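If you're wondering where the values come from, they're calculated on a predicted model, not measured in any experiment.
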Amino acid sequence: MIIYKVEARHIDIIWPYIEPLLRKPLERTLNEIELEDIKNWLKGEVQQLWLGIDEEKQEIVLAFTTQIHQYPRQRHLRIHLTGAKDHTIEDWVDDWIEPVETFCKENGVRYIETCGRDGWTRVLKNKGYKKYYTVLVKEIEND
């Protein structure tokens, strides 16, 4: 599996191939963002797009986005959306860590953050990640 960070100038070219992958994790959001927003962030270099390419099958099986957050005292890289072809996690779960951590070192990032379904806790615990906090939400109905 090749993990590749896509340059912002190539987003329009690659978009038709990764849009279905990113659509899947958006279905689990609160509709605060849409695919168009993600595409604009990627093109504007607010976020970064990463691909997992299966060399044997010559296909993209993973697409995920990241964003650097500058806090007053340090920088964090937040993994925002992760979408993959069904039943492929074992194919790429070990491969994305090194390139992303290298990117963090090159950009002065101190921590990698991710939030998502609790299943990620099980998948990432053997990769050096620990559960730090959980994000819970409640919708407030406005009249």
Side-chain angles (χ1 to χ4, degrees), residues 1-140:
M1 182 74 54
I2 297 173
I3 303 297
Y4 171 75
K5 188 174 106 22
V6 178
E7 292 184 36
R9 62 191 175 107
H10 295 144
I11 297 301
D12 284 328
I13 296 166
I14 200 72
W15 191 253
Y17 303 100
I18 57 99
E19 181 181 14
L21 295 175
L22 293 180
R23 183 179 305 284
K24 289 167 53 174
L26 275 180
E27 292 171 0
R28 295 181 183 261
T29 68
L30 301 172
N31 299 314
E32 69 275 24
I33 56 172
E34 294 183 2
L35 280 169
E36 180 181 334
D37 302 317
I38 299 296
K39 185 177 182 181
N40 288 335
W41 287 339
L42 294 169
K43 289 173 65 172
E45 299 184 358
V46 174
Q47 291 192 348
Q48 303 80 40
L49 174 65
W50 301 80
L51 303 179
I53 302 169
D54 183 319
E55 293 176 278
E56 287 181 22
K57 296 179 182 176
Q58 294 288 301
E59 71 175 335
I60 299 168
V61 297
L62 167 69
F64 65 98
T65 62
T66 59
Q67 183 171 349
I68 294 176
H69 289 270
Q70 180 65 55
Y71 293 101
R73 303 192 190 291
Q74 55 191 251
R75 301 177 102 192
H76 292 196
L77 183 85
R78 183 170 300 152
I79 300 170
H80 188 218
L81 292 178
T82 303
K85 297 224 178 210
D86 291 339
H87 312 294
T88 62
I89 192 166
E90 294 300 325
D91 298 337
W92 53 261
V93 72
D94 292 327
D95 297 325
W96 68 270
I97 294 172
E98 184 181 337
V100 171
E101 289 181 358
T102 298
F103 175 80
C104 288
K105 290 173 186 173
E106 293 170 350
N107 288 279
V109 171
R110 182 148 182 209
Y111 290 101
I112 297 174
E113 302 176 353
T114 185
C115 60
R117 298 179 293 126
D118 285 342
W120 282 111
T121 302
R122 178 182 43 78
V123 170
L124 295 178
K125 72 178 178 180
N126 295 330
K127 314 290 183 218
Y129 288 77
K130 62 182 178 179
K131 187 171 183 176
Y132 183 67
Y133 61 83
T134 302
V135 177
L136 301 171
V137 297
K138 177 183 178 183
E139 182 176 7
I140 304 299

Discussion item. Between Asp86 and Lys24, is the side chain to side chain contact (heavy atoms under 4.5 Å, CB included) condition met? List the steps.
Written reply: CA-CA 10 Å; Asp86 291 339; Lys24 289 167 53 174; 2.9 Å; yes
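- The structure places CD1 of Ile68 at 12.0 Å from CZ of Arg78, a figure rounded to the nearest 0.5 Å.
- Residue Gln67 holds its CD atom at 7.5 Å from CD of Gln48, rounded to the nearest 0.5 Å.
- Within a 6.0 Å radius of CD in Glu56, other residues, nucleotides and ligands contribute 12 heavy atoms or fewer.
- Two residues are said to be in side-chain contact when any heavy atoms from C-beta on lie closer than 4.5 Å; Val61 and Met1 meet this criterion.
- Counting non-hydrogen atoms of neighbouring residues, nucleotides and ligands closer than 6.0 angstrom, the OH atom of Tyr17 reaches no more than 12 such neighbours.
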Worksheet item: Going through the distances and angles, do Val6 and Ile18 end up as a side chain to side chain contact (heavy atoms under 4.5 Å, CB included)?
Response: CA-CA 11 Å; Val6 178; Ile18 57 99; over 6 Å; no
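- Without hydrogens or angle criteria, Glu36 side chain to Glu34 main chain gives no donor-acceptor distance under 3.5 Å.
- Looking at heavy atoms from C-beta onward, Trp41 lies in side-chain contact with Ile33 at the 4.5 angstrom threshold.
- Taking 4.5 Å as the limit, some side-chain heavy atom of Ile79 sits within range of a side-chain heavy atom of Trp96.
- Atoms CD1 and CG, from Ile3 and Asp94 in turn, are 10.5 Å apart once rounded to the nearest 0.5 Å.
- With Thr65 contributing its side chain and Leu81 its backbone, the two residues share a donor-acceptor pair below 3.5 Å.
- Residues Gln47 and Asp37 form no side-chain contact, since every pair of their non-hydrogen atoms from C-beta on lies 4.5 Å or further apart.
- Proximity of Leu77 to Asn107: side-chain heavy atoms (C-beta onward) are nowhere separated by under 4.5 Å.
- For the atom pair Glu113 CD and His69 NE2, the distance stands at 6.5 Å (nearest 0.5 Å).
- With sequence neighbours left out, the salt bridge (charged side-chain N to carboxylate O under 4.0 Å, His left out) criterion links Asp12 to Lys39, Lys43.
- From Phe64, atom CZ reaches atom CH2 of Trp92 across 8.0 Å, with rounding to the nearest 0.5 Å.
- Minimum interatomic distance between Leu21 and Pro25 (heavy atoms only, all atoms of both residues): O-CD, 3.0 Å.
- Looking only at distances, no side-chain donor or acceptor of Glu101 sits under 3.5 Å from a matching main-chain atom of Glu98.
- Partners of Leu35 under the side chain to side chain contact (heavy atoms under 4.5 Å, CB included) rule, at least two apart in sequence or in another chain, are Trp15, Glu19, Leu22, Arg23, Leu26.
- The 12-atom threshold is not exceeded at NZ of Lys57, counting heavy atoms of other residues, nucleotides or ligands nearer than 6.0 Å.
- The distance from the NE2 atom of His80 to the CD1 atom of Ile38 is 5.0 Å, given to the nearest 0.5 Å.
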